[in-house]
Number of protein chains: 2
Amino acid sequence: MNRQTLEKFYRLKLKKPLKSSAKRSLVVEYFMNRDRHFSVEELYNEIRKMNFKISYSTVYRTLNLLTKLGLARECIFKDGMLRFEPVHGPKHHDHLVCERCGKIIEFEEPKIEKLQEEVARRHKFLVDWHRMELYGLCAECRKKEKL
Amino acid sequence: MNRQTLEKFYRLKLKKPLKSSAKRSLVVEYFMNRDRHFSVEELYNEIRKMNFKISYSTVYRTLNLLTKLGLARECIFKDGMLRFEPVHGPKHHDHLVCERCGKIIEFEEPKIEKLQEEVARRHKFLVDWHRMELYGLCAECRKKEKL
DNA sequence: TAAAAAATGAAAATGATTTTCAAAATCAAA
DNA sequence: TTTGATTTTGAAAATCATTTTCATTTTTTA
Ligand SMILES: [Mn+2]
Ligand SMILES: [Mn+2]
Ligand SMILES: [Zn+2]
Ligand SMILES: [Zn+2]
């Protein structure tokens, strides 16, 4: 997420006009500095730890805004908890999720995406978006497993 | 799901022994007769409509049992609501989900599964299970779209 | 038949997220 | 500026699907 996100954020038009606000900017800034999946609680705690006063309501509201604006993406893995990740560009990626340590690895595999399109065509289905997650053990956890 | 499921169900050993019970059997039977994804509420209402008295607790408990026994699988799509589907065999499948009408189409694509394994190998990751869902418009909804 | 174990259902608890609403902050004229 | 309209905020309440509790009933075992 680049430096101009905050300005970009306020330039973007929604149904309703946005007033600039310190609290919201705070959330956007901390969001900007994340580069991986995080839970709302994590972000909330991080901001709190810095002695900024903020409410969960505002954190949720701002993250939902960022999502509508296309700057954030919701990720809901097996545990069912809402997470967000910054959207860095038009490139799509999918996830490997370690069921032991929770680590999340991102990957891209164009060959799979091609085949997905083929499956869709076969069913005369028009794909808007997809999600694919592979759950299992990461390299580190496999090593520990063997000891 | 075949006829012997109910017996199979009671034969399976869990941590705790199961007593046979009419209410639970009821849920298992209605579950058996489903062959697609359903919400807990749907199953509950179906049983209720037949004038059987049953509680949500028992429906939830039984479905969780069936899941532990490997006879049911949890499916959580974009809407975040818990659904179950009967497990018919060892064959795995993935889903196309229509965002307009909610229809769910199942598909298998061994070529994708192979590539998933390759991705995993590349990351020294051991895959236990995965989920893949393609969201978009089904054939029917596309037609209506065009009119 | 009696005692032990498990199942049931109503109601309460849970817990993450959203909503409400009154007060505070921001903005846009005048 | 001042004013008045609009938006934002946060605490508390509402939501809502799912789980848990617990007193009672049912099933199994002895
Ligand atoms: Mn990611
Ligand atoms: Mn299915
Ligand atoms: Zn791991
Ligand atoms: Zn459709």
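Naming: A, B, ... by sequence-line order, numbering from 1 per chain. Since we're looking at a predicted model, the values are computed, not measured. Computation of the quantities below employed the complete heavy-atom set of this structure, encompassing side-chain atoms and omitting hydrogens, waters and symmetry-equivalent molecules.
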I need the [atom1]-[atom2] distance between [X] and [N], as an integer number of Å.
X       : N      : atom1 : atom2 : answer
A:Lys23 : C:dA24 : NZ    : P     : 13 Å
B:Leu63 : C:dT8  : CG    : P     : 12 Å
B:Arg24 : C:dA6  : CZ    : C1'   : 8 Å
B:Tyr60 : D:dT20 : OH    : P     : 12 Å
A:Glu42 : C:dA16 : CD    : P     : 13 Å
A:Leu18 : D:dT8  : CG    : C1'   : 10 Å
A:Leu65 : C:dT18 : CG    : P     : 12 Å
A:Arg61 : C:dT17 : CZ    : C1'   : 12 Å

* Below 4.0 angstrom, N of the basic side chain to O of the carboxylate: do A:Glu118 and A:Arg122 qualify? ->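 Salt bridge present between A:Glu118 and A:Arg122.
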
* Are B:Arg100 and B:Glu140 within salt-bridge range, i.e. N to O under 4.0 Å? -> no

* Would you tell me if any nitrogen or oxygen in the side chain of B:Ser21 comes within less than 4.0 Å of OP1 or OP2 on C:dA6? =>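 No, no such contact exists.
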
* Asked: Picking from B:Phe31, B:Tyr30, B:Tyr56, what satisfies ring pair (Phe, Tyr, Trp, His ring centres under 6.0 Å) with B:Tyr44?
  ->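 It is B:Tyr56, the one option of B:Phe31, B:Tyr30, B:Tyr56 that forms the ring pair (Phe, Tyr, Trp, His ring centres under 6.0 Å) with B:Tyr44.
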
* **Interatomic distance, A:Arg83 atom CZ to A:Ile104 atom CD1 [nearest 0.5 angstrom]** => 5.5 Å

* From CD (A:Glu99) to CG (A:Leu134), nearest 0.5 Å ->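 If I round to the nearest 0.5 Å, the distance is 11.0 Å.
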
* Asked: Going by heavy atoms closer than 4.0 Å, what residues in residues 76-85 of chain B are next to DNA chain D?
  -> B:Met81, B:Leu82

* salt bridge (charged side-chain N to carboxylate O under 4.0 Å, His left out) partner of A:Glu85, chosen from A:Arg36, A:Arg73, A:Arg34 ->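 Answer to the salt bridge (charged side-chain N to carboxylate O under 4.0 Å, His left out) test with A:Glu85 among A:Arg36, A:Arg73, A:Arg34: A:Arg73.
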
* Asked: Nearest of C:dT26, D:dT18, D:dT28 to any side-chain atom of B:Ser20?
  -> D:dT28

* Search all heavy atoms of B:Cys98 against all heavy atoms of B:Leu137 and return the closest pair with its distance. =>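 Closest approach of B:Cys98 to B:Leu137, heavy atoms only: SG-CA, 4.1 Å.
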
* To do: Would you name the heavy atoms of A:Glu133 and A:Arg131 that are closest together and state the gap between them?
  =>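 The answer is OE2-CD, 3.4 Å.
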
* Structure fact -> Note: contacts of residues 44-59 of chain A with DNA chain C (heavy atom, under 4.0 Å) are A:Ser57

* Asked: For the residue pair A:Phe84 and A:His37, is the inter-centroid distance of their aromatic rings smaller than 6.0 Å?
  ->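 No, ring centres 6.0 Å or more apart.
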
